[in-house]
Amino acid sequence: MATQSPSREEIAKKEIGITRITRAHSKMLILGFVLGLFTVPLVQSFYDTHLQQNSAGKRFTKTFTVLTQEDYLNKSPLSQIFNRNTQFLKELSEFETKLEESSFLRKLLLQTVQEFMLLFLGQGNEKAYLGQDNWLFYVQDLQYQYSQGFLDSAQLKRRSTSNEVWEAPIQPDPHIAIIHFQQELAKRNIELLLLPIPVKGVIYPDRIVAHKTFSSPVHNRSWNEFMSRLEQAQVDVFSADNVLYTYEKEHLTPAYLRSDTHWTADATRYVAHKLATYLFEKYDLAPGTAFFNKTVVEVTNRGDIADMLHLGPTLLSHFTETVSIEKIEGHSQNQSQILFLGDSFSNIYSSAAMGWGEYGGFTEHLAYALKQELDVIVQNDSGAHATRLALSKDLLRGSDRLAGKKLVIWQFAVRELAFGDWKIIPLELRAPEPSAFYVATSGETIKVSGEIREISDSPNPQEVPYKDNIVTIHLADLEIKGEKHKNQDALVYSLGMRNKVLTDIAKKKRGERITLNLQDWFDREHEYSGIRRSPLNNDMVELEPPNWGELVDDEK
Amino acid sequence: YQSLSITEFWRRWHISLSTWLKEYLYIPLGGNRSGRIRTLINIGIFMFLGGLWHGASWNFIIWGMLHGLYLAVERLNITRRFYTHVPKVIRCLFTFFLVLIAWVFFRAESLPEALAYLSSMFGLADVPESSLLLQGMLYTNYSLLAMLSAAGVVWFAPQTWDFTKKLAFGRIAWVGTIYIFAVVLLTVQSYNPFIYFNF
């Protein structure tokens, strides 16, 4: 009779519980396993309590918001439950993120592992890709290039439902938003010029991969369709692609910084002058007469992508670069034919907060070439909607930024086409209304306490390429210079993230009472307006006149 | 992935699920004891529900039914000559190939996406220039080394079950080292939720 070999199930049943191991080794394994399980949370707890001054328990309770009267007022029981649940899910997600970031193991290991990966395996990480000749690329920029077409219907549908429960759904189609914006401007006889700036990999695909040649800029597969649709809709576009693609051949110097997401100072000036030439040819602009002074300054800094690598100072020093910027004396004023909306590509070399010098950026050089000052709204990140939103809010407050304008130039990075929230934003001019909100007197610093009614979210510093972020706070039940003003509120902007570190104010929660030194926002606007700001969810409060605030101490 | 047939694959893969389905569904339906046609129907139901268990989406159902088809073909002995005459390494690679085709449906977010992916795999799709970037980023020394290492572990490393049947100090040290290495790598990456959490 032929013997059949036993099945795996029969073998398993025979062998369950039978492992040949000595008693000593068995105890060693059990001890090692149990130690591995419990050592980590015990060390983490010690680390949090004694070294970080912030125990896990404290972090847990500080993450979850205290309920306030506003949670109950005028809301049905079901609505209260739903809102509370949504809030809880959001805070749970924040708690998990904080848990991960505060991990002592991560802090201990991250730098070493990353340096090993970079030096010996030529690998970056989830945010930064190491290309040829030690050029760094932002992974999201690469994803723009190789991912699904941003106008693909399945991709648009996927993006429109990709929001978390506590987030509003995004509007993923750039074309709809651009056409709408064009139409809104056309009502005021203002023309629109789009200025999409290619990300580094579009112009330098050969620096991403070896042994491949590319004959033209490498965009997302929906790019040609996007440009074609804009042409059909008669939206004017100044394509910086061709200018930048040939830049290095003509000028023998790169158009982009090696370790940063942005372009070089030379390329910035070059594109600005090319755009000015285009504007003179295409648009009926009154000739400019403004006179500007130029000063050359050298600036040394490290690129934003290098900072994403979490390297030690020795390796990081290899990624510093020096640029020569031409500082232009003169700033934007409201009386101008052109309103310029831009993102970090316009802010770099212009705003000191970016670390690459100031007053030598794109808008300064465009103004210089046009011989006229520009009205400028520039904000890092979210080029798809941030500046349009800022414009809309100004109009709703009664400040007519479009008065006297013939042209709006809207600059954004092309990655926004694939990842941005292209909100449809109406441009409605309202008559200015007196506000009941408190505003500090211009030129003064006033100490004010208040309860946080709402505070906007801060980004996760590890997840974003920009270094700084402003939070927005709705402060209520004020105490101004020691005097109680129970029914008075204030809108405050404050620095919530500096150099990729969340400040104390970013950790405050709704219901907490804090003390701030307040100044009129317009006294500090020139320093901070270019920094990305997280807005409140309450659109009405967002329209109130803002203050600039710096945390003094908090009262519990 | 060392399996020499799809039937063997399902004895090795997700054993808890396949055993449960076999004992509580396939056998109560009659298993393979009710004639050939009924057996094939039972296999179809078994794999349909096995796919559906992963999610209420057409791509999981297609994945399940594809495996059902593979199992049915093997059950019908259509491939008997192949399995008896062809060298083991070819059978192993062929089984791996069939499983890979089915995995495309499992991981794709939708049916059109799965079909597009398969078209690309077989060189039938238009390849935009931007895809060359991805190709270049994937075919780096590091990635190739990682894939070769994974292939080495899958096809040449001893089974964990066999390796741990007899634990001496050397093996304990080896296992401990791999454990620490895995923890280090997990610690420095972003949070990746357990994929089966969705199920």
Side-chain angles (χ1 to χ4, degrees), chain A residues 7-9 11-12 15 18-22 24-26 28-29 32-33 36 40 96-97 99-100 103 105-106 108-114 117 121-123 125-126 129 131 142 144-149 154 158 201-202 205 208-212 214-216 218-221 223 310 462-463, chain B residues 3 7-8 10-12 15 18-19 22-23 108-113 116 125-143 145-146 159 161-173 175-176 179-193:
Chain A
S7 70
R8 283 187 61 81
E9 286 89 348
I11 295 169
E15 295 195 11
I18 302 173
T19 300
R20 276 189 237 160
I21 182 170
T22 65
H25 286 150
S26 169
M28 190 173 80
L29 266 178
F33 183 69
V40 171
E96 286 172 353
T97 305
L99 212 56
E100 193 185 318
S103 162
L105 265 184
R106 187 178 161 85
L108 195 64
L109 298 169
L110 187 59
Q111 184 180 314
T112 309
V113 172
Q114 183 63 75
M117 298 281 285
L121 300 174
Q123 294 298 299
N125 60 17
E126 291 150 345
Y129 175 81
L142 300 178
Y144 156 76
Q145 291 181 265
Y146 65 63
S147 65
Q148 283 275 65
R158 192 178 303 123
V202 168
I208 299 172
V209 299
H211 314 304
K212 291 205 188 296
F214 298 87
S215 53
S216 57
V218 178
H219 271 284
N220 179 281
R221 61 192 80 186
W223 174 255
H310 307 294
Q462 308 304 323
E463 299 280 320
Chain B
S3 303
T7 307
E8 187 185 345
W10 278 104
R11 286 200 202 111
R12 294 167 176 266
I15 296 172
S18 57
T19 309
K22 188 179 84 175
E23 287 181 13
E109 288 194 11
S110 65
L111 184 52
E113 193 178 296
D126 286 329
V127 178
E129 206 172 31
S130 53
S131 295
L132 293 177
L133 285 181
L134 194 54
Q135 210 178 67
M137 288 164 68
L138 283 174
Y139 289 120
T140 58
N141 291 339
Y142 172 77
S143 301
L145 187 66
Q159 296 290 314
W161 181 264
D162 297 326
F163 188 77
T164 54
K165 265 199 308 206
K166 196 171 156 186
L167 277 174
F169 183 77
R171 287 189 182 185
I172 291 172
V175 165
Y179 172 72
I180 290 168
F181 181 67
V183 167
V184 165
L185 279 183
L186 279 173
T187 305
V188 300
Q189 291 172 7
S190 294
Y191 168 60
N192 279 313

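Naming convention: chains lettered A, B, ... in sequence-line order (proteins, then strands); numbering from 1 in each chain. These numbers come from the heavy atoms of this one structure, side chains and all, not from hydrogens, waters or symmetry mates.
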**Q** For A:Thr97, which atoms come within 4.5 Å of any heavy atom of chain B: side chain, backbone, both, or neither?
**A**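 Neither part, no heavy atoms under 4.5 Å.
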
**Q** Take A:Gln114 and A:Asn125, measure what side-chain contact (heavy atoms from CB on, under 4.5 Å) needs, and give me the verdict at the end.
**A** CA-CA 8 Å; A:Gln114 183 63 75; A:Asn125 60 17; 3.1 Å; yes

**Q** Using a cut-off of 6.0 Å, state whether more than 12 heavy atoms not belonging to A:Phe33 lie near its atom CZ.
**A** no

**Q** Under 4.5 Å heavy-atom distance to chain A, tell me which part of B:Thr19 shows up: side chain, backbone, both or neither.
**A** neither

**Q** Is A:Leu105 in contact with chain B via its backbone, its side chain, both, or neither, using a 4.5 Å heavy-atom distance?
**A**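 Answer is both: backbone and side chain atoms of A:Leu105 are under 4.5 Å from chain B.
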
**Q** Do A:Val209 and B:Tyr139 come within less than 4.5 Å of each other through their side chains, counting heavy atoms only?
**A** no

**Q** Chain A heavy atoms under 4.5 Å from B:Ile172: which part of the residue, side chain, backbone, both or neither?
**A** side chain

**Q** Would you mind checking which part of A:Thr112 comes under 4.5 Å of any heavy atom in chain B, side chain (CB onward), backbone (N, CA, C, O), both or neither?
**A** neither

**Q** Under a 4.5 Å heavy-atom cutoff, which of A:Leu121, A:Asn220, A:Thr22 has the most pairs with chain B?
**A** A:Leu121

**Q** Report the C-alpha separation of B:Leu167 and A:His25 in whole Å, then their side-chain angles, then the decisive distance to 0.1 Å, and conclude whether the side-chain contact (heavy atoms from CB on, under 4.5 Å) test is met.
**A** CA-CA 8 Å; B:Leu167 277 174; A:His25 286 150; over 6 Å; no

**Q** Give a yes or no answer on whether the side chain of A:Gln145 reaches the backbone of A:Gly201 with a donor-acceptor pair at less than 3.5 Å.
**A**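 Yes, because the side chain of A:Gln145 sits within donor-acceptor range (under 3.5 Å) of the backbone of A:Gly201.
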
**Q** If I measure from the heavy atoms of chain B, does A:His219 come under 4.5 Å with its side chain, its backbone, both, or neither?
**A** backbone

**Q** Is it the backbone or the side chain of A:Tyr129 that comes under 4.5 Å from a heavy atom of chain B, or both, or neither?
**A**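 Interface part for A:Tyr129: side chain.
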
**Q** Below 4.5 Å from any heavy atom of chain B, which atoms of A:Leu142 appear? Answer side chain, backbone, both or neither.
**A** side chain

**Q** Do you know which of B:Gln135, B:Met137, B:Arg11 has the most heavy-atom pairs with chain A at a distance under 4.5 angstrom?
**A** B:Met137

**Q** Taking every heavy-atom pair that is under 4.5 Å apart, which of A:Val202, A:Val40, A:Val113 has the most such pairs with chain B?
**A**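 Sorted descending by pairs with chain B, the first entry is A:Val113.
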
**Q** Is the shortest heavy-atom distance from the side chain of A:Ser216 to the side chain of B:Glu129 under 4.5 Å?
**A** yes

**Q** Suppose we screen for side-chain hydrogen bond (donor to acceptor under 3.5 Å, both in side chains). Which residues come up paired with B:Thr164, at least two apart in sequence or across chains?
**A**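 Per chain and number, B:Thr164 pairs via side-chain hydrogen bond (donor to acceptor under 3.5 Å, both in side chains) with no residue.
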
**Q** Of the listed residues (A:His310, A:Arg221, A:Met28, A:Arg20), which shares the most heavy-atom pairs with chain B below a 4.5 Å separation?
**A** A:Arg20

**Q** Go through the structure and list residues passing salt bridge (Lys or Arg N to Asp or Glu O under 4.0 Å) with A:Arg158, not counting sequence neighbours.
**A** B:Glu109, B:Glu113

**Q** What part of A:Gln123 gets closer than 4.5 Å to chain B, counting heavy atoms only: side chain, backbone, both or neither?
**A**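 For A:Gln123, side-chain heavy atoms alone lie under 4.5 Å from chain B.
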
**Q** Which atoms of B:Ala168 come close to chain A, meaning under 4.5 Å heavy atom to heavy atom: side chain ones, backbone ones, both, or neither?
**A**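 Backbone only.
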
**Q** Before you tell me yes or no, could you show the steps for B:Leu132 and A:Val218 under side-chain contact (heavy atoms from CB on, under 4.5 Å), namely the whole-Å CA-CA distance, both residues' side-chain angles and the distance that decides it to 0.1 Å?
**A** CA-CA 10 Å; B:Leu132 293 177; A:Val218 178; over 6 Å; no

